[in-house]
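A quick write-up on the structure given underneath.
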Amino acid sequence: MRLATWNVNSIRARLPRIVDFAVREHIDVLAMQEIKCKTDQFPYEAFEEAGYHVAAHGLNQWNGVAIASREPLEDVEIGFPGMPGFAKGHDGPDAPQEARAIGATVGGVKVWSLYVPNGRALGDPHYYYKLEWLSALQEYTSETLSRTPDLAFALTGDFNIAPTDADNGVPQMVQGFSTHISPPEREAFAALEAAGVADVVRPLIPTGYTYWDYKQLRFPRNEGLRIDFILGSHAFAQAVTGAQIHRNERKGEVPSDHVPVVVDLDLTGPEADEDRPMIFG
DNA sequence: ATGCCTTCTGGGAGAAGA
């Protein structure tokens with residue numbers, strides 16, 4: 001199985017490009033973020049014509065997540081249990097949830113497409129929302145893996161955190177002034193990993209970014225961020241045989257500001273373990 | 001310590017992104 005995650009920054013603005021990529025690269029499961037449309041505005045037909053089933057969740061012009069799959073999607077979940085909400089004029093548990101998480105089971109793998117809140121600025125209410133959202137995700141992950149430790153389980157998406165200094169290629173982003181690199185955000189990411197999921201791409205692709213801002217020549221200067229990840233449980237990580245970051249998708253006509261991150265999985269069993277990269281310990 | 005780009009929208013100036 002070939003699994004990809006991609007913050008597409010509007011599914012309608014670049015639909016052919018996204019479907020073409022999925023078909024050309026033989027993607028079996030494509031987790032998308034920032035579809036920027038309502039559920040019923042999603043261009044299902046184009047994916048179906050290309051041989052994909054789709055589960056989408058969008059409430060308005062912001063956020064929005066979806067999963068396209070060659071095999072049928074089972075047990076689709078909108079939002080993860082305990083996911084906090086956020087809205088202007090709302091605070092605390094009454095805040096409505098945003099369209100930032102959709103999960104489904106495909107071929108025995110539980111896959112989440114996640115769009116972690118941006119945070120906007122250090123100290124902004126959105127920043128605290130981001131940290132709460134990540135804490136709730138950690139809680140959900142921990143609970144899930146303690147209940148079903150052998151589950152092939154993956155958190156994929158735009159985490160809006162550059163976990164190490166090497167993941168930040170933007171000179172203007174400096175510690176103490178910027179979201180995405182602050183210690184509390186990095187601690188939240190580490191806590192998520194400690195809950196039982198590992199970055200399955202980094203051992204295979206140690207360097208490189210997944211996002212470059214549209215302005216200020218960020219892409220030509222290669223001033224990007226690595227903020228899009230595939231975090232897998234032990235059972236998931238054991239099945240990984242390869243990974244790719246499709247940097248070329250940042251080029252050409254109307255690109256997204258993010259590029260696809262891909263992993264190959266061999267889910268036939270533990271026989272072939274010897275040939276696979278060591279991801280956990 | 002930001003918005004030079006890009007997207008969206010019962011309305012086109014404002015919100016949001018990282």
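Residue numbering restarts at 1 for every chain, and letters A, B, ... go by the order of the sequence lines.
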> Do the ring planes of A/Y209 and A/W212 sit parallel (below 30°), tilted (30 to 60°) or perpendicular (above 60°)?
Replying inline: perpendicular
> For A/R120, which contact category applies under a 4.0 Å heavy-atom criterion: base, sugar-phosphate, or nothing?
Replying inline: base
>> Heavy atoms from C-beta onward define the side chain here; which of B/dT9, B/dT7, B/dA1 lies closest to that of A/R14?
In response: B/dT7
> Quantified in whole Å, what is the P atom distance between nucleotide B/dA15 and nucleotide B/dC4?
Replying inline: 14 Å
> Relative to the ring of A/F47, is the ring of A/F42 parallel (under 30°), tilted (30 to 60°) or perpendicular (over 60°)?
Replying inline: tilted
> For A/S10, which contact category applies under a 4.0 Å heavy-atom criterion: base, sugar-phosphate, or nothing?
Replying inline: sugar-phosphate
>> Please enumerate all residues that pass side chain to side chain donor-acceptor pair (under 3.5 Å) together with A/D257, with sequence neighbours excluded.
In response: none
>> Please compare A/Q172 and A/H126 by the position of their nearest nucleotide in DNA chain B and report the one closer to 5'.
In response: A/Q172
> Among residues 205-221 of chain A, which residues get a heavy atom nearer than 4.0 Å to DNA chain B?
Replying inline: A/Y211, A/D213, A/Y214, A/K215, A/Q216
> Roughly, in whole Å, what's the span from CD1 in A/I35 to P in B/dA16?
Replying inline: 18 Å
> In whole Å, what is the span from the NE2 atom of A/H180 to the P atom of B/dG17?
Replying inline: 9 Å
> Quick one: does A/L145's side chain get under 4.5 Å of A/F153's, heavy atoms only?
Replying inline: yes
> Choosing from B/dA1, B/dT7, B/dG17, which nucleotide comes nearest the side chain of A/K36?
Replying inline: B/dT7
> More than 12 non-hydrogen atoms from neighbouring residues, nucleotides or ligands closer than 6.0 Å to CD on A/Q175, yes or no?
Replying inline: yes
>> Can you confirm whether A/E77 is buried at CD, in the sense that more than 12 heavy atoms of other residues, nucleotides or ligands lie under 6.0 Å from that atom?
In response: yes
> Starting at the 5' end of DNA chain B and moving along, which residue's nearest nucleotide shows up first, A/P255 or A/L225?
Replying inline: A/P255
>> Counting the atoms with a prime plus P, OP1 and OP2 as sugar-phosphate, which does A/R226 contact under 4.0 Å by heavy atoms, base, sugar-phosphate, or nothing?
In response: nothing
> Rounded to whole angstrom units, what separation is found between the CG atom of A/D124 and the C1' atom of B/dG17?
Replying inline: 13 Å
> Within the structure shown, what part of the strands sits under 4.0 Å from A/L122 by heavy-atom distance: base, sugar-phosphate, or nothing?
Replying inline: nothing
>> Counting the atoms with a prime plus P, OP1 and OP2 as sugar-phosphate, which does A/Y127 contact under 4.0 Å by heavy atoms, base, sugar-phosphate, or nothing?
In response: nothing
> Which whole-number value in Å describes the distance from A/K130 NZ to B/dG17 C1'?
Replying inline: 11 Å
> What's the closest nucleotide to the A/Q41 side chain, out of B/dC8, B/dT9, B/dG17?
Replying inline: B/dT9
>> Does anything in residues 58-67 of chain A come within less than 4.0 Å of DNA chain B? Heavy atoms only, and list the residues if so.
In response: A/Q61, A/W62
>> For the C1' atoms, the ones on B/dG3 and on B/dT7, what distance do you get once it is rounded to whole angstrom?
In response: 13 Å
>> Quick check on side-chain contact (heavy atoms from CB on, under 4.5 Å): which of A/E193, A/R226, A/R202, A/H180 does A/P163 satisfy it with?
In response: A/R202
>> When the P atoms of B/dT6 and B/dG10 are compared, how many Å lie between them, rounded to an integer?
In response: 23 Å
> Say you pick atom P in B/dA1 and the same atom in B/dG14; how far apart are they, in whole Å?
Replying inline: 24 Å
>> What is the distance, to the nearest angstrom, from the CZ atom on A/F159 to the C1' atom on B/dG17?
In response: 18 Å
> Rounded to the nearest Å, what distance is computed from the CG atom of residue A/N9 to the C1' atom of nucleotide B/dG3?
Replying inline: 14 Å
> Please give, in whole Å, the distance from B/dA16 P to A/Y115 OH?
Replying inline: 11 Å
> Is A/D228 touching bases, backbone alone, or none of the nucleic acid, heavy atoms closer than 4.0 Å?
Replying inline: nothing
>> In whole Å, I'd like the distance from the CZ atom of A/R250 to the C1' atom of B/dT6.
In response: 10 Å
>> Run the salt bridge (charged side-chain N to carboxylate O under 4.0 Å, His left out) test on A/R24 and A/E249 for me, step by step, so that the C-alpha distance in whole Å, both residues' side-chain angles and the decisive distance to 0.1 Å come before the verdict.
In response: CA-CA 12 Å; A/R24 184 176 69 249; A/E249 285 303 317; 2.9 Å; yes
> Which is true for A/D158 with a 4.0 Å heavy-atom rule: it touches a base, it touches only sugar-phosphate, or it touches nothing?
Replying inline: sugar-phosphate
>> Heavy atoms only, 4.0 Å cut-off, all strands: where does A/E34 land among base, sugar-phosphate and nothing?
In response: sugar-phosphate
>> Using ring centroids (six-membered ring only for Trp), state whether A/F21 and A/W6 fall under 6.0 Å.
In response: yes
>> Are there over 12 heavy-atom neighbours, none belonging to A/E143, within less than 6.0 Å of that residue's CD?
In response: yes
>> With clusters defined by side-chain heavy atoms of hydrophobic residues (ILVMFWY) lying less than 4.5 Å apart, directly or transitively, does A/L155 cluster with A/F189?
In response: yes
